[in-house]
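To start, the structure itself, in structure tokens.
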Amino acid sequence: MKRIALFSLLLIFSVNSTLAQEVQLPYPSTTALSYEKNKIYYEGHQISKRGCQTILKLNAEQDLYKQYRSGLRMYTAGWSLMGIGLAVDAAFLTYSAVGIYYWAKTYDPKRPTMGPAVLVFLGAATVLPALILFEIPAIPLICVGKKRMQQSIDAYNISLSEPQTAKNYWSIQPSSNGIGLAYHF
């Protein structure tokens, strides 16, 4: 019983290793990436930033992949902060516009009210803190993230021109005489 279990495990392992070697990567490592006007091209087709991350993960060194991933995270965080800041600005400027509208509509020189004026001043007073808290820190995040992504793409393209060394490895494979240990070089 132990022999059958051992044989079946070896057979499963050898079939899995054989199938894993036959699977080709969806992105061959011989094509360079190009970066123009904030768009990334691969084999003449535009790809997303996540697609570029996948190509680097499958084909590039781990350092280039990590550099691109950190740049993409910074780039995304910067645009998220910019969006939050612009949304806050839009909301409070809308409060100001509503306050000005009601102030003009209900203005009575005999009985002045301060309700609409509070909306106007609240909206105007919160635009500057939103700018300082969200939009100004977003600009360096976007610039540094974009630069890191471009640097990793450039390094990947340079690594393509360098000669690739084959990786040697051992595997258990079936042959015409049974199961054997094979060294691939």
Contacts of Leu133 meeting side-chain contact (heavy atoms from CB on, under 4.5 Å) (sequence neighbours excluded), chain-then-number -> none
Contacts of Lys147 meeting side-chain contact (heavy atoms from CB on, under 4.5 Å) (sequence neighbours excluded), chain-then-number -> Gln151
Work out which heavy atom in [X] is nearest to a heavy atom in [Y]; give both atom names and the distance.
{"X": "Cys52", "Y": "Ile40", "result": "CB-CD1, 3.9 Å"}
{"X": "Gly71", "Y": "Met149", "result": "C-CG, 3.9 Å"}
{"X": "Ala130", "Y": "Gly85", "result": "CB-O, 4.4 Å"}

Exercise for review: Check whether Leu128 and Ile136 end up in the same hydrophobic cluster, where Ile, Leu, Val, Met, Phe, Trp and Tyr are linked by side-chain heavy atoms less than 4.5 Å apart.
Suggested key: yes
In one Ile/Leu/Val/Met/Phe/Trp/Tyr side-chain cluster, 4.5 Å: Ile47, Tyr35 = yes
Can you tell me how far apart [atom1] ([X]) and [atom2] ([Y]) are? Round to the nearest 0.5 Å.
{"X": "Leu86", "Y": "Leu131", "atom1": "CG", "atom2": "CG", "result": "9.5 Å"}
{"X": "Leu64", "Y": "Asn157", "atom1": "CG", "atom2": "CG", "result": "10.0 Å"}
{"X": "Tyr156", "Y": "Asn59", "atom1": "OH", "atom2": "CG", "result": "4.5 Å"}
{"X": "Gln62", "Y": "Gln67", "atom1": "CD", "atom2": "CD", "result": "12.5 Å"}

Between side-chain atoms of residues 73-84 and protein atoms elsewhere (two or more places apart, or another chain), which donor-acceptor pairs fall under 3.5 Å?
unit_1, atom_1, unit_2, atom_2, d
Tyr75, OH, Asn38, ND2, 3.0
Thr76, OG1, Leu72, O, 2.8
Ser80, OG, Thr76, O, 2.9

- Item | Student check: side-chain heavy atoms of Tyr68 and Lys57 closer than 4.5 Å | no
